[in-house]
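Every number for a ligand or one of its atoms is a count from 1 in the order of the listing. FYI, side chains are in, hydrogens and waters are out, and symmetry mates aren't considered; it's all heavy atoms of this structure.
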Amino acid sequence: MATRQKSAKKDTARVEVNNETKSEAKSRSSSKPNGTMEPAKGKLGVMIPGMGAVATTFVAGVEAIRKGLAKPIGSLTQMGTVRLGKRTDGRSPKVKEFVPLAGLDDLVFTGWDIFEDNMYEAASNAGVLDYRLLEQLKPFLSSVTPRAAVFDHNYVKKIDGPNVKKGKTKMDLAEQLREDIRDFRKTSGASRLITMWCGSTESYIEPTEAHQSVKSFEKALRENDEMIAPSMIYAYASLMEGVPFANGAPNLTVDLPVMLHLSRQNEAPICGKDFKTGQTLMKTVLAPAFKARLLGLSGWYSTNILGNRDGEVLDDPGSFKTKEESKLGVLEHILQPGLYPELYGNIFHKVRINYYPPRGDNKEGWDNIDIFGWLGYPMQIKVDFLCRDSILAAPIVLDLVLFLDLAKRCSALRGLGIQEWLSFYFKSPMTAPGLYPEHDLFIQLMKLKNTLRHLKGEELITHLGLEYYD
Ligand SMILES: NC(=O)c1ccc[n+]([C@@H]2O[C@H](COP(=O)([O-])OP(=O)(O)OC[C@H]3O[C@@H](n4cnc5c(N)ncnc54)[C@H](O)[C@@H]3O)[C@@H](O)[C@H]2O)c1
C-alpha cells in the first residue's frame with residue numbers, strides 16, 4: 001500500500017513537471033505585450049465632482065493607508081493577484097506588480113462641491129469614519145477644499161448649497177470647469193489627471209437630439225438646453241481636456257454618443273455607471289448561481305433603509321427613478337428570460353429605497369428571493385446585508401482611478417472610448433452601442449484579469465484545463 005501511494009505521488013510529480021515545461025514554453029512564446037504601456041511617472045491628479053461620503057471615505061482612506069494606519073481592504077489593485085500561465089506554474093503576482101499602476105504616494109486630489117466644507121469637515125459630517133482616525137488625518141484632509149460646483153437644483157431637488165459657479169450659458173460653465181482642470185494640472189504638478197463623478201444622483205432623463213453629436217451638444221450648451229445635466233458639463237470639460245472620466249452614479253452623464261465620440265477622439269477613456277457596492281453586488285453573485293443550476297425565479301423583492309445624504313437625495317422620485325433603472329436592469333441580463341422562458345419568463349422584481357435618517361451611512365438591504373426547483377417546488381432565500389455604503393464604495397473608487405489612468409497610458413485601450421473591462425465595478429456597465437452588458441460578477445472579473453493578461457501578452461485563462469490530463 002505504502003509503495004502504491006509512493007508511486008502515485010511520483011506520477012503526479014511527473015505530470016506537473018511535464019505541464020510546467022509545456023506552459024513555460026507557451027508563456028515564453030506569447031509574452032509579447034499588446035501595444036505599448038507607458039510607465040506611471042509623476043503624480044496622478046484625482047478630480048472629484050461631489051465631495052460627499054464616498055469621496056471623503058476614499059481620500060481619507062488613501063491617506064490612512066499611506067500613513068500605515070490601515071489596509072486597502074476591498075481593493076483589487078492593492079491586494080488582488082492575477083494568475084499567469086498554468087495552475088502548476090505558481091505565478092500569481094499582485095495586480096499592482098503585474099501592470100504599472102500609479103502608487104498611492106503619487107495621488108493628489110481636488111474636488112468640486114456645492115457646499116464649502118473641506119474634506120475634513122465633509123468627512124466629519126458624513127459620519128462614516130471614526131473621529132479618532134479623522135483627527136490623525138486632519139491637516140491633510142483640511143487642505144482639500146472644494147472648487148465652486150456647476151449645479152442645477154432641478155436635477156437634484158433635495159439639496160442646495162452656496163458654492164456654485166455663475167455663468168450666462170452652460171458653455172460658460174464648461175469653460176470655467178476646463179479652467180479649473182488646467183489650474184489643478186499646473187498647481188498640483190500632476191503629470192496625469194482623471195475625473196471621478198461622486199456627486200449626487202441626478203433626476204432621470206433620456207437622451208435627446210442634443211446628446212447625439214459634438215455639434216448638437218455644443219449648440220445645446222450655448223443655448224442652455226435644460227436636457228444638459230451638470231454631470232454632463234463636467235464630463236464634457238474633462239474629455240475636452242483629454243482627461244478620462246468615470247461615472248459612479250446612475251446618471252446618463254457619459255452614456256451618450258457625444259461623450260463616446262469625444263472620448264475616442266481625445267483618447268480619454270470613459271467608464272460607468274453606478275458603483276456596484278452592496279445589494280447589487282449580492283444580486284450579481286446569487287443570480288448567476290441560480291442560472292448555473294437552472295433554478296427558476298419567480299420574484300425578487302429588494303428593499304433598503306439608509307440615512308445618509310445619498311438616501312435623502314434618492315427620496316426624490318426623479319433621482320430614485322435614475323437609481324431604480326440602474327438596479328433593475330441586472331437580473332434580466334444575467335438570467336436571459338428569452339433563452340429560459342420557463343425559468344425566468346415571469347419574474348416579479350421590485351427595488352425600494354427608503355430614507356431613514358437614524359441609520360446614517362450604515363445601510364440595511366433586505367432581499368426576499370422566491371426561487372423554484374425540481375418539479376417546480378418553491379423555496380425562499382432571505383438576505384439581510386448590514387453594510388456600510390461608503391466603505392464598500394471607496395476601494396472601487398481607488399481601483400477605477402488607477403485602472404483608468406492605466407488605460408490612458410496603454411496604446412491598446414486609450415482610443416477605445418468605453419472601458420468595458422471595468423464592468424466589474426458597476427451596476428449598469430457601459431458597453432459598445434448594441435451590445436448587452438455582462439453583469440455576472442465572475443465573468444466581469446475574468447474579463448478584467450484577461451484584459452490585463454492580454455495587455456502584457458500573457459496567455460488568456462480559459463479554464464479549459466484538458467492539458468493537465470494529457
Ligand atoms: N455605496 C455607495 O455609496 C454608492 C453606490 C453606488 C453609487 N453611489 C453614488 O455615488 C454618489 C455619491 O454618493 P455619496 O454617498 O457620497 O453621496 P453624498 O450625498 O454624501 O455626496 C454627494 C455630494 O455631491 C455633491 N453634489 C451634488 N451635485 C453636485 C454637482 N453638480 N457638482 C458638485 N458636487 C455636487 C453634494 O453636495 C454632495 O456633497 C451618489 O450619486 C450615489 O448614488 C454610491
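Cation-pi geometry between Arg352 and Tyr301 is not satisfied (NZ or CZ under 6.0 Å from the ring centre, within 45° of the ring normal).
The residue Lys276 has no part lying near ligand 1, judged by heavy-atom distances below 4.0 Å. Here Cys198 has backbone heavy atoms under 4.0 Å from ligand 1, and that is the only part of it that gets that close. Counting heavy atoms under 4.0 Å from ligand 1, residue Thr277 touches it through the side chain alone. At a heavy-atom cutoff of 4.0 Å, ligand 1 is contacted by the side chain of Tyr234 but not by its backbone.
Counting the atoms of ligand 1 from 1 in the order shown, those under 4.0 Å from a heavy atom of Trp112 are 33 (C), 34 (N). Residue Ala249 approaches ligand 1 through these ligand atoms, each under 4.0 Å from one of its heavy atoms: 41 (O). Less than 4.0 angstrom separates some heavy atom of Ile159 from each of these atoms of ligand 1: 36 (C), 37 (O). Taking a cut-off of under 4.0 Å to the non-hydrogen atoms of Phe115, the atoms of ligand 1 that pass are 37 (O). Against a heavy-atom cut-off of under 4.0 Å, Ala149 is close to the following atoms of ligand 1: 32 (N), 33 (C). Which parts of ligand 1 touch Ile114 is read off a 4.0 Å heavy-atom cut-off, strictly below it: atoms 37 (O).
Only one option out of Phe184, Trp197, Tyr234, Phe151 pairs with Trp112 in a ring-ring contact (aromatic ring centres under 6.0 Å, His included); it is Tyr234. Screening Leu404, Leu76, Leu448 for a side chain to side chain contact (heavy atoms under 4.5 Å, CB included) involving Asp399 leaves a single residue, Leu76.
Looking at Val150 next to ligand 1, an N or O pair under 3.5 Å apart turns up. Between Asp389 and ligand 1, at least one pair of N/O atoms sits closer than 3.5 Å. Residue Thr201 has at least one nitrogen or oxygen atom sitting less than 3.5 Å from a nitrogen or oxygen atom of ligand 1, judged on distance alone.
Protein heavy atom closest to atom 7 (C) of ligand 1, with residue, atom name and distance, is Asp274 OD1, 3.0 Å. Regarding atom 19 (O) of ligand 1, its nearest protein heavy-atom neighbour is Arg309 CB, 3.2 Å. Nearest protein neighbour of atom 17 (O) of ligand 1, counting heavy atoms only, is Asp310 CB, 3.7 Å. In this structure, atom 35 (C) of ligand 1 lies nearest to the protein heavy atom Gly50 CA, 4.1 Å. Protein heavy atom in closest approach to atom 13 (O) of ligand 1: Val54 CG2, 3.6 Å. Summary of contacts: the protein heavy atom closest to atom 18 (P) of ligand 1 is Ala53 N, 3.9 Å. With respect to atom 21 (O) of ligand 1, the closest heavy atom belonging to the protein is Gly52 CA, 3.3 Å. Distance from atom 27 (C) of ligand 1 to its nearest protein heavy atom, with residue and atom name: Ser200 OG, 3.1 Å.
With salt bridges taken as basic N to acidic carboxylate O contacts below 4.0 Å, one links Arg414 and Glu267. A salt bridge between Arg182 and Glu179 is present, with a side-chain N of the basic residue lying under 4.0 Å from a carboxylate O of the acidic one. Taking 4.0 Å as the cut-off between side-chain N and carboxylate O, Lys170 and Asp225 do not count as a salt-bridged pair. Asp361 has no carboxylate O lying under 4.0 Å from a charged side-chain N of Arg388, or vice versa, which leaves the two without a salt bridge. Using a cutoff of 4.0 Å between basic side-chain nitrogens and carboxylate oxygens, Arg147 and Asp183 are scored as salt-bridged.
When Tyr425, Phe58, Phe151, Tyr155 are checked for heavy-atom proximity to atom 28 (N) of ligand 1, Phe151 turns out nearest. Residue Gly199 holds the heavy atom nearest to atom 40 (C) of ligand 1 of all those in Ala229, Gly199, Ser390. Residue Gly248 holds the heavy atom nearest to atom 8 (N) of ligand 1 of all those in Gly248, Ala394, Cys387.
For the residue pair Thr253 / Ser231, a side-chain donor-acceptor distance below 3.5 Å is found, with atom types taken as modelled. When only modelled atom types and interatomic distance are considered, Arg359 and Asn362 share no side-chain donor-acceptor pair under 3.5 Å.
Within the structure, the closest approach of Glu312 to ligand 1 does not fall below 4.0 Å when heavy atoms are considered. Ligand 1 lies less than 4.0 angstrom from a heavy atom belonging to Asp113. The shortest separation from a heavy atom of Leu392 to ligand 1 is not under 4.0 Å, leaving the residue out of contact.
Expressed to the nearest 0.5 Å, how far CD1 of Ile270 lies from CG of Leu239 amounts to 6.5 Å.
With hydrogens and angles ignored, the 3.5 Å screen pairs a side-chain donor or acceptor of Gln419 with a backbone N or O of Leu413. For Thr280 (side chain) and Lys427 (main-chain N/O), no donor-acceptor pair under 3.5 Å exists by modelled atom type.
Outside the 6.0 Å centre-distance limit, the rings of Phe442 and Phe424 are not counted as a close aromatic pair. Not less than 6.0 angstrom separates the ring centroid of Trp300 from the ring centroid of Phe348. With ring centers used as reference points, Phe217 lies under 6.0 Å from Tyr236.
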